[in-house]
Number of protein chains: 2
Amino acid sequence: MFKIVPMTTAASPPEGRERADAARNRARVLAAAERLFSTADPRTITMDRIAKEAGVGRATLYRRYPDPASIAVALLDEHERLLQGQLLAGAPPLGPGAPPGERLAAFYEAMVELLDRHLPLALGAETGNARMKTGAYGFWRVHVRSLLVAAEVADPDALVDALLAPLAPEVFRYQREERGLSTVEIGAALSRLARRLLGG
Amino acid sequence: MFKIVPMTTAASPPEGRERADAARNRARVLAAAERLFSTADPRTITMDRIAKEAGVGRATLYRRYPDPASIAVALLDEHERLLQGQLLAGAPPLGPGAPPGERLAAFYEAMVELLDRHLPLALGAETGNARMKTGAYGFWRVHVRSLLVAAEVADPDALVDALLAPLAPEVFRYQREERGLSTVEIGAALSRLARRLLGG
DNA sequence: CGAGTAAGTGGACACTGTGTCCGCCTAGTA
DNA sequence: TACTAGGCGGACACAGTGTCCACTTACTCG
């Protein structure tokens, strides 16, 4: 089901054989990062803290990841891969088959649920606003753009980023925490938006 | 025309009389910041650099602004105030009188133009994703929400942040620089979105 | 007009996090 | 068991932060 997705993950060994101690440390680092990101404020998480938590030296971290954000991205990629598979080859309305408006609505709902489950990680991955540079963003972009094309919307290239913007982790956090909105309300509003735009 | 706007600005003296040297330094600081933000990468701008550029000590900066982002916010507020006045009491379609769809479209166009002119400042103000904490964001929010209410859209509270999300400086930057879109294209796409949603 | 004073100023300090370098160690191999 | 390539991590130099306090200066009042 997932072998369609060609994306490589930073959580996997870079090439060839990996020494046993390196593998052990990689696992330790990822586990430590996941733990930290889900408990502490993402902005306070430093390479130093992750290294301490993982029980490895700081240089060991730098060997693979340039900064905390890229570790969060690696972890997030794992979780996003499932949804990517469903979009490409899953059942409608998420997968192919349903009309574009329905598919976009389903995509919104799924993304909101994903954000809800991994918000701290998503916020951590956003440090320095690098969100749009990740492979995942490119994937969502291609997907939504194809829906716009299918719905024969004018100028899909200019619209696609506007439609993805509401899914920025910081926007979701704001709606949840500052505005007191529930996940369902946010998802429902985006669903309606999708259907209104592309036709239900 | 602007006295309707009740917002206070961080660029103005905090209370009562201000000493002449303090005023002089305030002006120097703001001028230096404007200069720096429009030339250098916003992320590299530190309190230290601004102080050096302004020719004042660092503690003088900290007296009024806690970080570079808040200086950018103060500067940006000045520019945004004009648009705020037009929304409240200007001529249609930006000001009152036009149907909601047209007003939202005009708002989008105006905001895109504003972003285009002050992008470096807007990016600088966004550091740490503090954009939504600014008074200006609250203003846009109230405005767009009132348009949604006027158009009798369901659940305006959940939709309003989604409609403001495409105006995030980082999104605009991405569309311009990474996607090669022009300001007109971005504005036009958002206009169409507005009319489709609220009815032209 | 000159002394008093409250506000403003900026150099210095201690601290935190970064990114890199290099000597040590250990897993895998012969 | 000894060799070696690669992994590891402590240490270092550096940059930026936020605060403190002694000095200076603009305004005020006798």
Side-chain angles (χ1 to χ4, degrees), chain A residues 10-33 36-37 39-74 123-130, chain B residues 10-33 36-37 39-74 123-130:
Chain A
S12 320
E15 108 264 4
R17 266 294 220 315
E18 185 184 39
R19 255 171 62 167
D21 53 347
R24 171 178 51 82
N25 277 354
R26 170 195 308 283
R28 273 192 195 174
V29 164
L30 291 176
L36 279 180
F37 273 113
T39 54
D41 174 10
R43 263 171 275 184
T44 69
I45 293 175
T46 73
M47 292 299 255
D48 209 50
R49 280 185 73 183
I50 300 175
K52 287 259 183 18
E53 174 81 19
V56 302
R58 230 151 40 78
T60 305
L61 253 68
Y62 278 105
R63 166 167 294 268
R64 278 187 269 273
Y65 308 101
D67 49 52
S70 67
I71 303 183
V73 167
L123 287 171
E126 216 184 17
T127 319
N129 290 311
Chain B
S12 321
E15 107 262 0
R17 268 288 221 320
E18 184 184 40
R19 256 172 60 168
D21 53 348
R24 172 178 50 83
N25 278 353
R26 171 194 309 283
R28 273 193 195 173
V29 165
L30 291 176
L36 278 180
F37 273 113
T39 54
D41 174 11
R43 262 171 275 183
T44 68
I45 294 174
T46 72
M47 291 300 255
D48 210 48
R49 281 185 73 184
I50 300 176
K52 287 259 182 19
E53 174 81 18
V56 301
R58 229 151 38 80
T60 304
L61 253 69
Y62 278 106
R63 167 166 292 267
R64 280 187 268 271
Y65 308 101
D67 49 52
S70 67
I71 302 184
V73 167
L123 287 170
E126 217 183 16
T127 320
N129 288 312

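First the proteins, then the strands, lettered A, B, ... as listed; each starts at 1.
Taking atom OH of A:Tyr62 as the reference point, atom P of D:dA11 lies 17 Å away to the nearest angstrom. Straight-line distance from the CE atom of A:Met47 to the P atom of C:dG19: 7 Å, rounded to whole Å. With rounding to whole Å, B:Arg43 atom CZ is found 18 Å from D:dA15 atom C1'. Whole-Å rounding puts the B:Arg24 CZ to D:dT25 P distance at 10 Å. Protein atom OH of A:Tyr65 is 16 Å distant from nucleotide atom P of C:dG19, rounded to whole Å. Atoms CZ (B:Arg26) and P (C:dG8) sit 9 Å apart, rounded to a whole Å. The distance between atom CD1 of A:Ile45 and atom P of C:dT16, rounded to the nearest whole Å, is 18 Å. Regarding A:Leu61, its CG atom lies at a distance of 15 Å from the P atom of D:dG7, rounded to whole Å.
Taking the salt bridge (charged side-chain N to carboxylate O under 4.0 Å, His left out) definition, one finds that A:Arg28 meets it with nothing, sequence neighbours left out. A:Thr44 pairs by the side chain to side chain donor-acceptor pair (under 3.5 Å) definition with A:Arg49, not counting sequence neighbours.
Note on A:Asp67: nothing from the nucleic acid sits closer than 4.0 angstrom, heavy atoms only.
Ranking D:dG9, C:dT9, C:dA27 by closeness to the B:Arg64 side chain, first place goes to C:dT9. Among the nucleotides C:dT18, C:dG10, C:dG8, the one closest to the side chain of A:Asp48 is C:dT18. The listed nucleotides are C:dG28, C:dG8, D:dC8; the one nearest the side chain of A:Ala20 is C:dG28.
Atom OH of residue B:Tyr62 and atom CG of residue B:Asp67 lie 8.0 Å apart, to the nearest 0.5 angstrom. Here the CD1 atom belonging to B:Ile50 is positioned 13.0 Å from the OG1 atom belonging to B:Thr60, to the nearest 0.5 angstrom. Taken to the nearest 0.5 Å, the OH atom of B:Tyr65 stands 4.0 Å off from the CG atom of B:Leu30.
OP1 and OP2 of C:dG8 both lie 4.0 Å or more from every side-chain N or O belonging to B:Asn25. Within the structure, every side-chain polar atom (N or O) of A:Thr46 is placed at least 4.0 Å from both OP1 and OP2 of C:dG17.
Residue B:Pro68 is the one, among B:Asp21 and B:Pro68, whose nearest nucleotide of DNA chain D lies closer to the 5' end (criterion: closest heavy atom).
Residues A:Ile71 and A:Pro68 are not in side-chain contact: their nearest non-hydrogen atoms beyond the backbone lie 4.5 Å or more apart.
What you find for A:Gly124 and A:Ala72 is that their closest heavy atoms are C-CB, 3.8 Å.
Non-hydrogen atoms lying under 4.0 Å from DNA chain C are contributed by A:Arg58, A:Ala59, all within residues 49-59 of chain A.
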